[in-house]
Amino acid sequence: MEKFHQKMLSQTKAIWGKILNHRFLKKTADGSIPDDTFKTWIQQDYIFIREAIPFIAVLLAKAPLNLRENFVEIISALNTELGMFRKNAEDHGVNLENIAPFPMCHAYNQFLMNTAYNASFEEGFTALYAAEKIYLDSWMEVKTNLKIQSPWQEFIDNWTSEGFQQYVAWLATTLDDLAAGKPERDLRRMKAIFLITARYEYLFWEMAATKEGWIV
Ligand code: MP5
């Protein structure tokens, strides 16, 4: 029988396909991505991750006792990741001071915060799994199609590492456990959150590729 996380992936197959074929990822893999495009992504993803820490912290406050330690570790990993961003930004001359989120990044972070605060722990966890699984698959796609050593190698390695793969596998099995025995109404809400998160993830690559900021 299809597990819950597999059901979520099946219902978003078309979006996943569009994400993995996104020109941002293709150009990162073949080395043709313009520097300023990648640097825009670095700035926006830095903000995204920085603002994901309070999202995780709210989930931590709602988490069942057996998952608390995992959430402490997730916060610590995000903090380490921010350090990796700062180091790479410095090496490549990317400004991370006084930068503001673009509308799409802002909306995505707001959606995550709202989900953490106002929806169930299970729904928040669903968003977390979707976001992490998409990053794993996206960067795996880049790694698989990499033509030359990338100037952005550390980012590629970050989300394709053995440790990250194990973390995403853990998220999948934990999501299955959380979904087990839940009434259909709750599962429908989790499904809706998964779908919206996948759509936001597509838009995040699109935002990086177009550099669409506030137009007024
Ligand atoms: C992640 C990310 C992965 N960094 N940015 C977006 C837009 N989606 C997902 O999260 P993490 O915490 O960096 O592994």
Side-chain angles (χ1 to χ4, degrees), residues 8-9 12 15-16 18-20 22 24-25 28 37-60 70-89 94 96 99-116 124-143 152-172 174-175 193-213:
M8 297 301 96
L9 295 173
T12 46
I15 298 174
W16 232 262
K18 289 192 83 166
I19 290 174
L20 299 188
H22 198 280
F24 184 97
L25 299 177
T28 302
T37 303
F38 202 89
K39 287 177 179 181
T40 299
W41 170 80
I42 291 180
Q43 290 175 321
Q44 293 300 310
D45 213 48
Y46 181 75
I47 296 173
F48 177 83
I49 293 165
R50 190 187 67 200
E51 301 309 313
I53 291 178
F55 160 69
I56 299 294
V58 176
L59 287 185
L60 162 64
N70 303 94
F71 273 80
V72 171
E73 282 168 12
I74 296 171
I75 291 177
S76 168
L78 292 186
N79 208 36
T80 304
E81 212 166 78
L82 288 179
M84 189 271 284
F85 270 69
R86 282 193 292 269
K87 175 185 160 289
N88 274 274
V94 182
L96 292 180
I99 47 169
F102 283 172
M104 195 275 137
C105 178
H106 184 261
Y108 188 11
N109 278 134
Q110 292 296 315
F111 157 71
L112 291 177
M113 267 330 252
N114 182 59
T115 303
F125 196 94
T126 303
L128 174 63
Y129 170 63
E132 300 287 35
K133 172 68 174 153
I134 286 170
Y135 254 45
L136 170 64
D137 289 1
S138 296
W139 291 101
M140 274 294 181
E141 187 71 13
V142 173
K143 190 173 188 154
W152 314 113
Q153 196 66 41
E154 242 186 288
F155 294 103
I156 301 168
D157 294 345
N158 184 58
W159 289 288
T160 56
S161 70
E162 193 72 32
F164 191 69
Q165 291 178 46
Q166 282 167 8
Y167 164 55
V168 177
W170 173 82
L171 288 172
T174 307
L175 180 65
I193 293 286
F194 192 92
L195 176 61
I196 296 178
T197 309
R199 286 176 162 159
Y200 268 125
E201 284 290 334
Y202 177 82
L203 289 178
F204 205 89
W205 293 126
E206 192 59 23
M207 171 199 70
T210 60
K211 305 191 203 72
E212 184 165 295

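Since this is a predicted model, take the numbers as computed values, not measurements. All ligand and atom numbering here is 1-based and tracks the order in the structure. Residue indices begin at 1 and follow the sequence shown.
- Here Q110 pairs with nothing under the side-chain hydrogen bond (donor to acceptor under 3.5 Å, both in side chains) rule; sequence neighbours left out.
- Residue-level contacts of ligand 1 at the 4.0 Å heavy-atom threshold are D45, F48, I49, L78, E81, Y108, A131, E132, Y135, W159, F164, E201, F204.
- Here side chain to side chain donor-acceptor pair (under 3.5 Å) pairs that include residues 44-60, with residues two or more places apart or in two chains, are D45-Y135, Y46-R86.
- By the 30° and 60° cut-offs, the orientation of the rings of F85 relative to W159 is perpendicular.
- For the side chain to side chain donor-acceptor pair (under 3.5 Å) condition, the pairs that include at least one residue of residues 70-85, sequence neighbours left out, are E81-N158.
- No side-chain heavy atom of W205 sits less than 4.5 Å from a side-chain heavy atom of T28.
- Using a distance-only test at 3.5 Å, with no hydrogens or angles considered, no donor-acceptor pair links the side chain of T12 to the main chain of I15.
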